[in-house]
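Each chain gets a letter, A, B and so on, in the order its sequence line appears, and its residues count up from 1. Not measured: the values here are computed from a predicted model.
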Protein chains: 2
Amino acid sequence: MTSPTLDSQIRGRLAEAGVRYTNGRQQVVAALVAADGPRSAAELHEQIAGAVPLSSLYRSLAVMADADVLAPHHGTKGVTRYELAEWLAGHHHHLVCVDCGTVDDIELPSRLEATLHDLVDAVADSGDFAAAGHALEVVGRCKACA
Amino acid sequence: MTSPTLDSQIRGRLAEAGVRYTNGRQQVVAALVAADGPRSAAELHEQIAGAVPLSSLYRSLAVMADADVLAPHHGTKGVTRYELAEWLAGHHHHLVCVDCGTVDDIELPSRLEATLHDLVDAVADSGDFAAAGHALEVVGRCKACA
DNA sequence: TTCCTTGCAAACGATTTGCATTGGA
DNA sequence: TCCAATGCAAATCGTTTGCAAGGAA
């Protein structure tokens with residue numbers, strides 16, 4: 001499922017970080033690529049039918065996040081979900097359903113994204129805080145829960 | 001520390017919800033009012049010098065969040081932080097430090113807030129998602145960690 | 001008296017870690 | 001050959017809950 005180019009970008013990045021792109025890790029990445037939003041260790045574990053035990057899964061997620069191949073997301077209570085890092089998945093935002101906790105990716109029209117970017121710059125300038133990025137979460141009810 | 005009017009708003013809201021505004025809960029609220037951002041159960045427990053045991057603290061936080069006096073925030077790994085609900089604290093956003101995990105409140109200039117609001121409306125309109133609100137997290141490094 | 005709240009201890013769920021084994025470059 | 005990765009079981013951490021005692025209306 002994972003495109004050859006995406007796969008080699010990831011392999012390259014992991015090699016730079018001195019870690020291997022093993023079979024199990026490829027399965028995890030494939031599952032994340034197939035998903036349309038961040039996924040937790042438990043969700044991935046189920047999605048790959050237990051092919052990788054939870055402890056290894058957690059370790060792989062941590063290693064790949066360290067290598068900047070994955071990015072953690074803390075949207076809903078208690079669980080950490082992971083997604084492909086921005087440089088692989090593209091910059092985007094999230095729709096978080098207040099009822100079921102589902103998180104979906106959204107991409108803003110570039111005009112709106114530019115506006116948002118300016119907005120964050122304006123905020124960062126006005127205080128002693130070095131802004132490195134921003135995350136916009138649109139909170140509401142998804143189609144299924146509406 | 002908690003202003004009389006704020007305190008009576010909270011007492012009133014809790015009464016409507018059929019729960020009491022006990023001494024321990026007042027201490028928790030006072031600690032949150034004194035804070036300049038969301039706080040976790042452990043942080044509050046320390047701030048009030050263990051005056052309320054953790055289990056009661058967790059229960060009070062849950063009760064007050066149910067009554068819409070507090071709002072939960074899931075910004076950093078594993079922990080839930082609480083802050084006063086929007087109708088008490090005013091609408092605001094957060095600066096999240098990627099190093100130390102500290103969360104600070106920021107208020108956007110009303111012109112920028114209006115822009116952001118329009119932006120979220122535009123996003124919501126374009127999909128099957130009923131937007132109920134938005135949260136902008138500016139990610140970066142705080143003064144101490146820069 | 002009635003119901004909410006408190007405290008302690010035990011239970012839980014998500015995540016992490018020690019250790020011996022396996023696997024890849 | 002050497003170091004990273006794996007799997008299992010045990011440990012940890014934040015949080016929740018059962019239960020008996022205390023407190024306010």
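- When side chains are defined from C-beta on, B/Q26 counts as touching B/D7, because their heavy atoms get closer than 4.5 Å.
- Side-chain contact between A/M64 and A/V28 is present, with heavy atoms from C-beta onward closer than 4.5 Å.
- An angle of 30°, rounded to 10°, separates the two end axes of the helix from C/dT1-D/dA25 to C/dA25-D/dT1, each defined over five pairs.
- Between A/Q26 atom CD and D/dT6 atom P there is a gap of 11 Å when expressed in whole angstrom units.
- Within the 4.0 Å cut-off from OP1 or OP2 of D/dG7, not a single side-chain nitrogen or oxygen of A/S55 is found.
- At least one side-chain heavy atom of B/V138 sits less than 4.5 Å from a side-chain heavy atom of B/L95.
- What you find for B/E43 and B/P38 is that their closest heavy atoms are OE1-O, 4.2 Å.
- Spacing between atom NE2 of B/H73 and atom P of D/dT15 amounts to 14 Å, rounded to whole angstrom units.
- Per the geometry, CG belonging to A/L57 stands 14 Å off P belonging to D/dA5, to the nearest Å.
- Nucleotides of DNA chain C nearest to B/A51 and B/K77 differ in position, and the one nearer the 5' end is that of B/A51.
- Using a 4.0 Å cut-off on heavy atoms, the residues of residues 14-25 of chain A that approach DNA chain C are A/R20, listed by number.
- Between B/L44 atom CG and D/dT15 atom C1' the separation is 14 Å, expressed in whole Å.
- B/H93 pairs in a side-chain hydrogen bond (donor to acceptor under 3.5 Å, both in side chains) with only one of the listed residues (B/E137, B/E107, B/E113), which is B/E113.
- Side-chain contact check for A/E83 and A/H94: at least one donor-acceptor pair (N or O, by modelled atom type) lies under 3.5 Å.
- Distances shown here put every side-chain N or O of A/S56 at or beyond 4.0 Å from the OP1 or OP2 atom of D/dC8.
- Closest approach of A/A41 and A/L57 over heavy atoms only: O-CD1, 3.6 Å.
- You'll find that the side chain of B/P53 is closest to C/dG7, out of C/dG7, C/dT16, D/dT15.
- Between the side chains of B/H73 and A/H74, no donor-acceptor pair of N or O atoms lies under 3.5 Å.
- Side-chain contact between B/R13 and B/L88: absent, with no pair of heavy atoms (C-beta onward) separated by less than 4.5 Å.
- Residue A/Y58 has a polar side-chain atom (N or O) positioned under 4.0 Å from OP1 or OP2 of C/dT15.
- As a whole-Å value, the separation of B/H45 NE2 from D/dG14 C1' is 13 Å.
- Contact annotation: side chain of A/R59 to base of C/dG18, donor-acceptor pair present below 3.5 Å.
- Atom-to-atom, NE2 of A/H74 to C1' of C/dA14 comes out at 13 Å; the value is rounded to the nearest Å.
- Distance CG (B/L54) to C1' (C/dT6): 14 Å, rounded to an integer number of Å.
- Looking at heavy-atom distances under 4.0 Å, A/S40 makes no contact with the nucleic acid at all.
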